[in-house]
Amino acid sequence: MSSLALTVLLLLVLVTLLLAAGIGYVAYCHPALAVPITAAGMAVALVVACLSLVAAR
């Protein structure tokens, strides 16, 4: 992989972690919305699945 591809992959990982933290925080502050760990885990799983499809191409 080129250094550009690795940099983009690193940025996508950071955005994924930020998304998971944001969803977990919102779900924690408003427990009626969802269980925090489940919501954050589902978001991470979705992004990882999408990233693995892109990386496989």
Side-chain angles (χ1 to χ4, degrees):
M1 279 190 169
S2 67
S3 64
L4 177 62
L6 290 174
T7 304
V8 169
L9 187 62
L10 175 64
L11 289 174
L12 287 173
V13 168
L14 291 175
V15 168
T16 303
L17 290 174
L18 184 62
L19 175 69
I23 291 173
Y25 175 75
V26 168
Y28 181 76
C29 289
H30 304 285
L33 296 177
V35 178
I37 293 174
T38 304
M42 287 172 41
V44 169
L46 179 65
V47 173
V48 166
C50 292
L51 288 179
S52 64
L53 287 174
V54 171
R57 294 179 81 194

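Keep in mind that the numbers below use all heavy atoms, side chains included, and drop hydrogens, waters and symmetry copies. Because the structure is a prediction, the values reported are computed rather than measured.
- Taking a 4.5 Å side-chain heavy-atom cut-off between Ile, Leu, Val, Met, Phe, Trp and Tyr, the cluster of Leu18 contains only that residue.
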Indicate every side-chain donor-acceptor pair of residues 4-17 with a distance under 3.5 Å to a residue at least two apart or in another chain.
from	atom 1	to	atom 2	distance (Å)
Thr7	OG1	Ser3	O	2.7
Thr16	OG1	Leu12	O	2.7

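- Minimum heavy-atom separation, Ser52 to Ala49: OG-O, 2.8 Å.
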